[in-house]
A.B. asks: 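Dropping the structure in here first, questions after.
Note that the structure is predicted; figures quoted are calculated from it, not measured. Atoms considered below: every heavy atom in the structure, side chains included; atoms not considered: hydrogens, waters and symmetry mates.
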Amino acid sequence: QINSASESNRVAVLIGQGRYESGTLEMKQYTDLYGGFSEDNWQRDIYKYQTFISGNDENRVLIAADHARLDGFIIANGRVRGHGAGILCDDTSPEISNNIILDNMTLAPENFNYNRIHQEGNQGGGIACLFNAVPVIRNNIFYQNKTGIGMGAGIAVYGWVRVKGGPEARFVENRMIDGLRAKIENNVFLENNSGVNDTGRTRSSSGAAIGCAYEARPIIKNNLILNNKAQGRSDAGGIYVEYYSFPDIIKNYILGNISDDDGGGIYAMRSSHPLIQDNIIAGNFTEGGGPGGIRLSKEGRGKITGNTIVYNPGGGVLSVDSYLELTDNIIMDNPGGHGVTVRS
């Protein structure tokens, strides 16, 4: 009902505790939504006065808008046969902060062929950021989100930003230092699971916590990425990077993540070039016995500097047919494999 919101007249809506199940909510520009208020005295405590927006296991929960903020909600039980079961950011860039994003799931595409490998699924169980989406996603908890078939059970970031500040941005040593970038900061990713319906093990569901594909360039910083799992013979229980993506992965705790195939913590491939800096990468492993810490392959690239990479079964770092810059790391006690392996 709000029609007066504009750049010069921003509107905030305060929403009381309760459970809201009215179908998919579409945000509006310049309209900020704040949950977690007591309906008795309108004091705010987002944990005590919980405000659920639920997809009721039938709908996508929310479609985001530019110049808008979502703060202090539980976004739960979204189900969609498409991208972004919890929140869809398609060419939109909201601020998403202080939420619990819980048990949302993208369903497998119709008529999916379980006899082929490396297919496109439905991405972003918790949040999908597609194409010109450069949201700020900070201080959230992502818990038990899933994809049936598809990348990024917690968050999927997909596509190059072709808006002002994108292609004309300034680069130094192949790193974008100006321009618009999605920011994924200060979040917790816990027990998110990609590829839960991939019975054919088609390798189409990598990146259980975060997946980056097709020139995505997010900043992934100060997150706790814990006990996430990529199924369906897919890669990277933690962070997956493919097809010319350039994320900055900085100061995260990447712990106890599992993949069916390779790179329990991080996997980069297909001419992608992540900066992996000042992270603690520990206790990650693969079901197939591959490197638990970091894997680069298929002409992937990686600048890996200042990390602590310890106790990842299967090995710390493996580079196969790829390009590796490795400086100032602590790599030790990775059982069942070498600290660093490079081969063609």
A.B. asks: Going hydrophobic residue to hydrophobic residue with side-chain gaps under 4.5 angstrom, can you get from Ile53 over to Ile101?
C.D. replies: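 Yes: a chain of side-chain contacts under 4.5 Å links Ile53 to Ile101.
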A.B. asks: Side chain of Asp91, backbone of Asn132: donor and acceptor closer than 3.5 Å?
C.D. replies: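 Yes, because the side chain of Asp91 sits within donor-acceptor range (under 3.5 Å) of the backbone of Asn132.
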A.B. asks: Please check if Leu190 and Leu255 belong to a single hydrophobic cluster, counting links between Ile, Leu, Val, Met, Phe, Trp and Tyr side chain heavy atoms closer than 4.5 Å.
C.D. replies: yes
A.B. asks: I'd like to know if the side chain of Ser205 and the backbone of Gly232 have a donor-acceptor N/O pair within less than 3.5 Å.
C.D. replies: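 Judged by distance alone, no pair lies under 3.5 Å.
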A.B. asks: Can you find a pair of side-chain heavy atoms, one from Val136 and one from Arg69, that are under 4.5 Å apart?
C.D. replies: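 Answer no - side chains too far apart.
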A.B. asks: So, taking the atom named CE in Met332 and the one named CD1 in Ile309, what distance separates them when rounded to the nearest 0.5 Å?
C.D. replies: 12.5 Å
A.B. asks: Are the side chain of Asn279 and the backbone of Ile249 linked by a donor-acceptor contact shorter than 3.5 Å?
C.D. replies: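 Flag set: sc Asn279 to bb Ile249 pair under 3.5 Å.
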A.B. asks: Is there a side-chain contact between Ile100 and Tyr47 (heavy atoms, below 4.5 Å)?
C.D. replies: yes
A.B. asks: If you look at every heavy atom in Gln17 and Thr51, which pair is closest and at what distance?
C.D. replies: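 Closest pair (atom of Gln17, atom of Thr51, distance): CA-OG1, 3.7 Å.
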A.B. asks: How long is the gap from CZ on Arg60 to CD on Glu26, to the nearest 0.5 Å?
C.D. replies: 9.5 Å
A.B. asks: Are more than 12 heavy atoms, taken from residues, nucleotides or ligands other than Tyr253, located less than 6.0 Å from that residue's OH atom?
C.D. replies: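 No - once you tally the heavy atoms of other residues, nucleotides and ligands closer than 6.0 Å, there are 12 at most.
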A.B. asks: Taking all non-hydrogen atoms of both residues into account, name the closest pair between Ile149 and Pro109 and its distance.
C.D. replies: CB-CD, 4.1 Å
A.B. asks: Can you confirm whether more than 12 heavy atoms, excluding those of Arg116, are under 6.0 Å from its CZ atom?
C.D. replies: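 Open: at most 12 neighbouring heavy atoms sit under 6.0 Å from CZ of Arg116.
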A.B. asks: Evaluate the side-chain contact (heavy atoms from CB on, under 4.5 Å) criterion for residues Lys221 and Asp248: first the C-alpha distance (whole Å), next the side-chain angles of each, then the deciding distance (0.1 Å), finally the verdict.
C.D. replies: CA-CA 8 Å; Lys221 187 175 182 179; Asp248 289 354; over 6 Å; no
A.B. asks: If you take all heavy atoms of Ile225 and Ile239, which pair is closest and at what distance?
C.D. replies: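 Between these two residues, the closest heavy atoms are CD1-CD1, 3.7 Å.
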A.B. asks: How about Ser97 and Asn139: does a side-chain donor come under 3.5 Å of a side-chain acceptor?
C.D. replies: no
A.B. asks: For Glu299, is the CD atom crowded, meaning more than 12 foreign heavy atoms sit under 6.0 Å from it?
C.D. replies: no
A.B. asks: Can Tyr30 and Ser8 be counted as having a side-chain donor-acceptor contact under 3.5 angstrom?
C.D. replies: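 Result is no, nothing qualifies.
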A.B. asks: Salt-bridged, Glu287 to Arg233, with N to O below 4.0 Å?
C.D. replies: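 No.
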A.B. asks: Taking Asn9 for its side chain and Ser4 for its backbone only, find out whether a donor-acceptor pair lies under 3.5 Å.
C.D. replies: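 Confirmed, Asn9 side chain pairs with Ser4 backbone.
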A.B. asks: Heavy-atom distance under 4.5 Å between the side chains of Tyr267 and Asp261, does that happen here?
C.D. replies: no
A.B. asks: Where do Glu242 and Asp235 land on the side-chain contact (heavy atoms from CB on, under 4.5 Å) test, with the steps shown first?
C.D. replies: CA-CA 11 Å; Glu242 70 173 5; Asp235 303 308; over 6 Å; no
A.B. asks: Please say which of Ile87, Ile220, Asn140, Ile137 ends up in a side chain to side chain contact (heavy atoms under 4.5 Å, CB included) with Ile155.
C.D. replies: Ile137
A.B. asks: Quick check on ring pair (Phe, Tyr, Trp, His ring centres under 6.0 Å): which of Phe131, Tyr240, Tyr243, Tyr244 does Tyr158 satisfy it with?
C.D. replies: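 Among the candidates, only Phe131 passes.
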A.B. asks: If you apply the rule side-chain contact (heavy atoms from CB on, under 4.5 Å), what do you find for Glu7 with His67, and how did you get there?
C.D. replies: CA-CA 8 Å; Glu7 184 175 6; His67 312 296; over 6 Å; no
A.B. asks: Minimum heavy-atom separation for Ile2 to Val11, with atom names?
C.D. replies: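 That would be CD1-CG1, 3.7 Å.
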A.B. asks: Does Ile330 CD1 have over 12 foreign heavy atoms under 6.0 Å away?
C.D. replies: no
A.B. asks: Report yes if the side chains of Val157 and Met151 come closer than 4.5 Å at any heavy-atom pair, otherwise no.
C.D. replies: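 No, their side chains stay 4.5 Å or more apart.
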A.B. asks: Do the side chains of Phe189 and Asn257 get nearer than 4.5 Å, heavy atoms only?
C.D. replies: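 Asn257 vs Phe189: side chains apart.
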A.B. asks: Give a yes or no on whether Phe37 and Tyr20 share a hydrophobic cluster (residues Ile, Leu, Val, Met, Phe, Trp, Tyr; joining criterion: side-chain heavy atoms under 4.5 Å apart).
C.D. replies: no
A.B. asks: Should Leu88 and Leu25 be counted in the same cluster of Ile, Leu, Val, Met, Phe, Trp and Tyr side chains packed under 4.5 Å apart?
C.D. replies: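 Different clusters.
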A.B. asks: Main chain of Glu110, side chain of Arg81: is a donor-acceptor contact present, judged purely on distance under 3.5 Å?
C.D. replies: no
A.B. asks: Under a 4.5 Å side-chain heavy-atom rule over Ile, Leu, Val, Met, Phe, Trp and Tyr, are Ile219 and Ile127 clustered together?
C.D. replies: no
A.B. asks: Does the side chain of Asp57 come within less than 4.5 Å of Asn77's, by heavy atoms?
C.D. replies: yes
A.B. asks: Do the side chain of Asn284 and the main chain of Asn312 share a donor and acceptor less than 3.5 angstrom apart?
C.D. replies: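 Judged by distance alone, no pair lies under 3.5 Å.
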A.B. asks: Taking Asn307 for the side chain and Asp278 for the main chain, is one N or O donor matched with an acceptor at less than 3.5 Å?
C.D. replies: yes
A.B. asks: Any side-chain to backbone donor/acceptor pair from Asn197 onto Gly148? Under 3.5 Å, distance only.
C.D. replies: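 Such a contact is absent between Asn197 side chain and Gly148 backbone.
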A.B. asks: Hey, is the main chain of Val188 close enough, under 3.5 Å, to the side chain of Asn223 for a donor-acceptor pair?
C.D. replies: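 Judged by distance alone, no pair lies under 3.5 Å.
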A.B. asks: Is there a side-chain contact between Ile96 and Cys89 in this structure, where contact means two heavy atoms from C-beta onward sitting under 4.5 Å apart?
C.D. replies: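 Contact flag for Ile96/Cys89 side chains = yes.
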A.B. asks: For the residue pair Asn334 and Tyr311, what are the closest heavy atoms and their distance?
C.D. replies: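 Looking at all heavy atoms of both residues, the closest pair is OD1-N, 3.3 Å.
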A.B. asks: Would Asp71 and Arg138 pass as an ion pair if we require N to O under 4.0 Å?
C.D. replies: no
A.B. asks: Is there side-chain contact between Ile276 and Ile281, with heavy atoms separated by less than 4.5 Å?
C.D. replies: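 The answer is yes; the side chains approach within 4.5 Å.
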A.B. asks: More than 12 foreign heavy atoms under 6.0 Å from NZ of Lys28: is that the case here?
C.D. replies: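 Yes, the 6.0 Å shell around NZ holds more than 12 heavy atoms from other groups.
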A.B. asks: Decide side-chain contact (heavy atoms from CB on, under 4.5 Å) for Leu130 and His83; before the verdict, give the C-alpha distance in whole Å, the side-chain angles of both, and the deciding distance to 0.1 Å.
C.D. replies: CA-CA 9 Å; Leu130 307 182; His83 305 308; 3.8 Å; yes
A.B. asks: For the pair Asn252 (side chain) and Asn222 (backbone), establish whether a donor and an acceptor sit closer than 3.5 Å, ignoring hydrogens and angles.
C.D. replies: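 Looks like yes, one N/O pair under 3.5 Å.
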A.B. asks: Of all the heavy-atom pairs spanning Arg19 and Ser54, show the shortest one and how long it is.
C.D. replies: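 Heavy atoms only, the tightest pair is NH2-OG, 3.3 Å.
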A.B. asks: Quick one about Thr147 and Ser194 (side-chain donor to acceptor, distance below 3.5 Å, no hydrogens or angles considered), yes or no?
C.D. replies: no
A.B. asks: Between Val13, Leu70, Leu14, which is the residue that forms a side chain to side chain contact (heavy atoms under 4.5 Å, CB included) with Tyr34?
C.D. replies: Leu14
A.B. asks: Name the residue from Ser245, Ser206, Cys129, Pro274 that meets the side chain to side chain contact (heavy atoms under 4.5 Å, CB included) definition with Cys212.
C.D. replies: Ser245
A.B. asks: Please check if any side-chain donor atom of Gln119 sits under 3.5 Å from a side-chain acceptor atom of Asn113, or the reverse.
C.D. replies: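 No - no donor-acceptor pair under 3.5 Å links their side chains.
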